[in-house]
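First the structure, in the form of structure tokens, and then the observations on it.
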2 protein chains.
Amino acid sequence: MRAEILPALAEAFRQHGYEGASLSRITQATGLGKGSLYRLFPGGKDEMAACVLDAIDGWFESEIFAPLRQGEPPGEAVSAMFEAVERYFRSGQRVCLIGVLALGAGRDRFGAAVRSYFARWIEALAASLRRAGHGESASTALAEEVVAQIQGAIVLARALDDPALFTRRLATLRSRIATA
Amino acid sequence: MRAEILPALAEAFRQHGYEGASLSRITQATGLGKGSLYRLFPGGKDEMAACVLDAIDGWFESEIFAPLRQGEPPGEAVSAMFEAVERYFRSGQRVCLIGVLALGAGRDRFGAAVRSYFARWIEALAASLRRAGHGESASTALAEEVVAQIQGAIVLARALDDPALFTRRLATLRSRIATA
DNA sequence: TCGAATTTGTACCGATCGGTACAGAGGCGC
DNA sequence: GCGCCTCTGTACCGATCGGTACAAATTCGA
């Protein structure tokens, strides 16, 4: 029920942000009228956004974070992360909704979810790096660097309208991890 | 006249984005009524945002881009950039308005300004690195990396509510440039 | 096939949106 | 003190906002 329209809903929030995603835009994006929308999400926009966040978080948790924590060998798990990230963000043409919320006023509303998402990403990646033989503090620093670079690459790729930049940045990160 | 309220105006756009910065929030942030606002900016919100972008762009151009291009020695110009960035973005507690617009729907409206801003930043930094002895293509790659990392560090520092992360990322970049 | 329950579109609500009109307050030369 | 011109607050405009109510359409079990 809900799950089927979550992708369209997510896309609407991604493209316009929380405040910019008006009900009319949402009805258009999902193809559902207000009646259906408010039956599925009695809490209105707030609940819609929360559900979308939850879905995105769940996807990253199972497709990226968990493999990073447990995948063997760790080097391959990291490599798989880069491939998944490249695909998920469409080479930087698709924006990171959680990142957008972190920058906007939505940080107050969804602050806990936003913080948890990035904290778990960094921690999972650091765990993988540690298992791959990197030092304790070096792993955390490198993980922070990688996640920051990914987020920044999305900004730059969109700003310059240059998806290749995103791919290029990811490639640099991979080689940095390999040689570190 | 205009110049005096531009900082308050910029802050409003930074905090709420273009769509979220309603006229009522703007009047509150600037202390000016609609009457005064529309006499200063007959073009409405659009003109306000354009002026703010222009002011920000001008500040970066004179305080950061130009010194990067011409500053001697180049290493010191780069170092000055990091200090200016740390101060300007308040250790990641202040958001980059141009970055926010790049992620949001404002990319269509202000696409040219957004693109130019980041392109000049990267190019100016690359020029400085070249003058410091880095290779042609290595300079561009490194410049892209630095600007992306700065933007990503803003996202992460806000998401995790951790200004120290921003400072940490900048420190890593400085040492990377020094040893590259 | 028919009645109940679910699902949907649409009309409507008060509030707020971006923007305009304009009367009056305030400063300034003379 | 007077007239002029700049500046500002406020009332108002149609449109749209998020949200509600509800009747018609649809689905589905029996």
Side-chain angles (χ1 to χ4, degrees), chain A residues 1-56 97 100-101 103-111 113-114, chain B residues 1-56 97 100-101 103-111 113-114:
Chain A
M1 286 290 122
R2 284 177 167 199
E4 292 151 24
I5 66 151
L6 279 182
L9 209 45
E11 208 47 43
F13 281 117
R14 261 191 283 264
Q15 283 177 19
H16 307 287
Y18 181 78
E19 312 224 36
S22 65
L23 264 296
S24 75
R25 277 201 256 244
I26 291 176
T27 59
Q28 189 186 346
T30 58
L32 267 65
K34 286 191 187 183
S36 316
L37 239 23
Y38 271 84
R39 195 182 40 80
L40 290 174
F41 306 95
K45 263 179 76 173
D46 228 87
E47 187 176 347
M48 296 179 207
C51 280
V52 165
L53 277 197
D54 208 62
I56 293 175
L97 178 56
V100 169
L101 291 178
L103 289 180
R107 196 180 57 142
D108 308 322
R109 212 183 297 247
F110 307 107
V114 168
Chain B
M1 285 291 120
R2 283 178 168 198
E4 292 150 26
I5 66 152
L6 279 182
L9 209 45
E11 208 46 45
F13 281 117
R14 260 190 284 265
Q15 283 178 20
H16 306 287
Y18 181 78
E19 312 223 37
S22 66
L23 265 296
S24 75
R25 277 201 256 244
I26 290 176
T27 59
Q28 189 186 346
T30 59
L32 268 64
K34 286 190 189 184
S36 318
L37 239 23
Y38 271 84
R39 195 183 40 81
L40 290 173
F41 306 95
K45 263 179 76 172
D46 228 87
E47 187 176 349
M48 297 179 206
C51 280
V52 165
L53 276 197
D54 208 61
I56 293 175
L97 178 56
V100 170
L101 292 179
L103 289 181
R107 195 180 58 142
D108 308 323
R109 213 183 299 246
F110 307 107
V114 168

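Lettering follows sequence order; numbering is per chain, from 1.
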Could you tell me how far apart [X] ([atom1]) and [N] ([atom2]) are, to the nearest whole angstrom?
X       : N      : atom1 : atom2 : value
B:Glu19 : C:dT16 : CD    : C1'   : 15 Å
A:Leu40 : D:dG18 : CG    : P     : 17 Å
A:Phe41 : C:dT8  : CZ    : P     : 12 Å
A:Met48 : D:dC17 : CE    : P     : 13 Å
B:Tyr38 : D:dA11 : OH    : P     : 18 Å
B:Lys45 : C:dG19 : NZ    : P     : 7 Å
B:Ile26 : C:dG18 : CD1   : C1'   : 10 Å
B:Leu32 : D:dT6  : CG    : P     : 17 Å

So does A:Glu47 have more than 12 non-hydrogen atoms from other groups sitting under 6.0 Å from CD?
yes
Can a donor-acceptor pair be found, under 3.5 Å and without considering hydrogens, that links the side chain of A:Arg25 to the backbone of A:Ala12?
no
By the 4.0 Å heavy-atom rule, please label A:Gly35 as base, sugar-phosphate, or nothing.
base
So if I take every side-chain heavy atom of A:Lys34 and compare against D:dG18, C:dT20, C:dC17, which nucleotide ends up nearest?
D:dG18
Give the nucleotide from the list D:dG18, C:dG9, C:dG19 with an atom nearest to the side chain of A:Ser36.
C:dG9
Can you tell me how far apart CD (A:Glu19) and NZ (A:Lys45) are? Round to the nearest 0.5 Å.
7.0 Å
So CG of A:Leu97 and CD of A:Glu11: to nearest 0.5 Å the spacing works out to 9.5 Å
Does the side chain of [X] get closer than 4.0 angstrom to OP1 or OP2 of [N] through an N or O atom?
X       : N      : result
A:Ser24 : D:dC17 : yes
A:Ser22 : D:dT16 : no
B:Arg39 : D:dT6  : no

Would you call the rings of A:Tyr18 and A:Phe110 parallel, tilted or perpendicular, taking 30° and 60° as the class edges?
perpendicular
